[in-house]
Structure formats: C-alpha cells, structure tokens
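Below, chains carry the letters A, B, ... as their sequence lines are ordered, and counting in each starts from 1. Heavy atoms only: backbone and side chains are in, while hydrogens, waters and symmetry mates are out.
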Number of protein chains: 2
Amino acid sequence: MDQLSLTFHALSDPTRRAILMRLASGDATVNELAEPFDLRLPTVSKHLKVLQEASLVSQTREAQRRHCHLEAKALKEVADWVWSYRTHWEESFDRLNAFLGDIEAAGKASKN
Amino acid sequence: MDQLSLTFHALSDPTRRAILMRLASGDATVNELAEPFDLRLPTVSKHLKVLQEASLVSQTREAQRRHCHLEAKALKEVADWVWSYRTHWEESFDRLNAFLGDIEAAGKASKN
DNA sequence: TTCTTATTTTACCGATCAGCTAATTAGCCA
DNA sequence: TGGCTAATTAGCTGATCGGTAAAATAAGAA
C-alpha cells in the first residue's frame, strides 16, 4: 500500500486520532495511552501498530515500557497533499462572496 | 460516523483520490470518470457514493447523465485539522536544522 | 412502444477491520 | 528461580470493504 493510503486509513479512526492528539501534548507509554479509552490493551496496541505502519508514531524502548512519540512528518505529507486543492475551496469561497455581494447590492437597490 | 472519519476513510483509497484529482480539472459524468480505470461501472459508482457521503463530491442530473463536481469544503476541513499539528513538524524541522547547523559548525571548527 | 444509453441497486465473494479473550514474550525485582 | 509489570501475538467474531455479475431504473431516441 502507498504511504498516503496508509496515512489516510490510519487517520480514519477516531480512537487513533485521539491517540495522536494525546501524543501532541507529549510522549506516553502504551498503558498511558490506553487509560482514557474504554478499550482493552491489545486493541490499543493494534491501533498503535497501524499508526506506526503509517509512520505517524514511533516507539523507543526503556525497560518494559514503550515510549510512543508523534511523528509529524507523515502529517505534513497529508497537509501537502490536501494543500494542492487549496484553489478549489478558495474558488467556492469566492463564488459565495460574489453571491452575497449580489444579495447586498440587490438589497441596496430595492431601498432606492 | 463523524465527518472527519468519513472524509479520511474516503481519501484512504487511491482510486477515490484519483477520481478527485480528475474532478479538480473539471466536472465529469460517471462514465467519463470510470473510463481511465480497469473497473466496472458499479464499482466506480460505489466509490462515488463513498465520496458523496463524505461530502467530497456532489452530483447534478441532466437527462440520464450525472455530472460529478468536486466539493472542496470537506478537503478544507481536513486541511484545518492537519494544520493544527503544524507546530509539530516545524519543531522537528527546527531540530533537524539545529543538527545540521551543529555539523556545519563542527566542520568549520575542524578547518581552523 | 421498443431500443439504447447512463447509472444504480441487489446479491454475492474473499479480504480486511475493530474489537475481544487467552496465551506469550520481555524485562525488572526479590 | 519465581513473580510482577508492560506490551505483543494468536486466534476468534461480526461488520465493513472493494470488487464482481446480473437485474432494475431512468430518460432520451426511433
């Protein structure tokens, strides 16, 4: 599978996005990451595996503990991909603005 | 399912991303979209349904034809989400720069 | 009305997904 | 060694996925 598909798939799960958000505030062990969820440890472990395969998270070992770290580079690749569509949402924004402009103009015209 | 999960899931398939890229260059019918792929029409039709449920594509009917249109607003929501992690990839960029700076400094020092 | 074109719906298949429990690995400590 | 803690692996389930063929729907054309 290509990198972008792996990344988008990893991000398509709310639990995995929550894990990323948690890691944005600092590294954490698997147990710490699992704590806020109503999920068994193997489930969280599996989610972490998906995030690692998408290069969104890395782990370093210290004794039995695994310290998980957010790898933002993969997120930047998503940002770059989606950014290439920027002109399209700016276009619709322009069309909306033009439409609202027309309404305003019509409103002013009706007052004269 | 929440909007972001729908959108990320829709984007996790390369065929669907290719469809979006094609639509970025202009509206197209279902048959036109299917043409470059080695896929049956129902398959493409299903992909389009996923994209529509994620609000990434809209359709308007003209006779039998369905004209598909890229809806970039959903992409902007992805951009906004991923943009909130900006500081993290800038951080690692800074760390890389600092590292390269150190190497450069060490190189210059060794020449003296 | 029948034919053709455009597209969706239905029903099926094998693969993958997210969750679970139970068992296993790995490393610390007594 | 044996036990405790941290985490993964193995194996199961039901749901969803991406693909198919075949049938149904919709609307213009003959």
Is any side-chain N or O of [X] closer than 4.0 Å to OP1 or OP2 of [N]?
{"X": "A:Asn31", "N": "D:dA7", "answer": "yes"}
{"X": "A:His47", "N": "C:dC17", "answer": "no"}
{"X": "A:His9", "N": "C:dC17", "answer": "yes"}
{"X": "A:Ser45", "N": "D:dA7", "answer": "no"}

Please state how far atom [atom1] in [X] lies from atom [atom2] in [N], giving the value in whole angstrom units.
{"X": "B:Arg65", "N": "C:dT4", "atom1": "CZ", "atom2": "P", "answer": "17 Å"}
{"X": "B:Phe8", "N": "D:dC17", "atom1": "CZ", "atom2": "C1'", "answer": "19 Å"}
{"X": "B:Asp13", "N": "C:dA15", "atom1": "CG", "atom2": "P", "answer": "18 Å"}
{"X": "A:Gln59", "N": "D:dA7", "atom1": "CD", "atom2": "C1'", "answer": "9 Å"}
{"X": "A:Arg16", "N": "C:dG19", "atom1": "CZ", "atom2": "P", "answer": "8 Å"}
{"X": "A:Leu11", "N": "C:dC17", "atom1": "CG", "atom2": "P", "answer": "15 Å"}
{"X": "A:Leu48", "N": "D:dA7", "atom1": "CG", "atom2": "P", "answer": "10 Å"}

Using a heavy-atom cut-off of 4.0 Å across all strands, would you classify A:Glu32 as base, sugar-phosphate, or nothing?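 No contact.
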What is the nucleic acid contact for A:Glu62, judged by heavy atoms within less than 4.0 Å: base, sugar-phosphate only, or nothing?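 Since no nucleic acid heavy atom lies under 4.0 Å of A:Glu62, the category is nothing.
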Mind running salt bridge (charged side-chain N to carboxylate O under 4.0 Å, His left out) on B:Asp27 and B:Arg22 for me, showing each step along the way? CA-CA 8 Å; B:Asp27 292 6; B:Arg22 164 67 186 79; over 6 Å; no
What nucleotide among D:dG19, C:dG19, C:dT8 has an atom nearest to a side-chain atom of B:Thr15?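 From the listed options, D:dG19 comes nearest.
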For the helix from C:dT1-D:dA30 to C:dA30-D:dT1, what angle separates the axis at the start from the axis at the finish, each from five pairs, in steps of 10°?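 For the helix from C:dT1-D:dA30 to C:dA30-D:dT1, the axes at opposite ends meet at about 0°.
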Is the number of heavy atoms from other residues, nucleotides or ligands under 6.0 Å of A:Arg40 CZ greater than 12?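 12 or below, so no.
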For the CE atom on A:Met21, are there more than 12 heavy atoms of other groups (residues, nucleotides or ligands in this structure) within a distance under 6.0 Å?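 Atom CE in A:Met21 is not crowded, with 12 or fewer foreign heavy atoms closer than 6.0 Å.
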Determine yes or no for a side-chain-to-main-chain donor-acceptor pair under 3.5 angstrom, with [X] supplying the side chain and [Y] the backbone.
{"X": "A:Arg66", "Y": "A:Gln59", "answer": "no"}
{"X": "B:Arg16", "Y": "B:Ala10", "answer": "yes"}
{"X": "A:Ser45", "Y": "A:Leu41", "answer": "no"}
{"X": "A:Glu32", "Y": "A:Thr29", "answer": "yes"}
{"X": "A:Glu77", "Y": "A:Leu4", "answer": "no"}

Mark up nucleotides 20-30 of chain D, 5' to 3', with B wherever a protein heavy atom is under 4.0 angstrom from a base atom, S wherever such an atom reaches only the sugar-phosphate, and - elsewhere. BBB---SBS--
Could B:Arg17 and B:Asp13 be called an ion pair, given the rule that one side-chain N must be under 4.0 Å from one carboxylate O?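 Between B:Asp13 and B:Arg17 there is no salt bridge, as every charged N stays at least 4.0 Å from the carboxylate O atoms.
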Given A:Glu71 and A:Ser58, is the side-chain hydrogen bond (donor to acceptor under 3.5 Å, both in side chains) satisfied, shown in steps? CA-CA 7 Å; A:Glu71 292 293 332; A:Ser58 64; 2.9 Å; yes
B:Gln52 or A:Val50, whichever maps to the more 5' nucleotide of DNA chain C: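 Its nearest nucleotide lies further toward 5', so the answer is B:Gln52.
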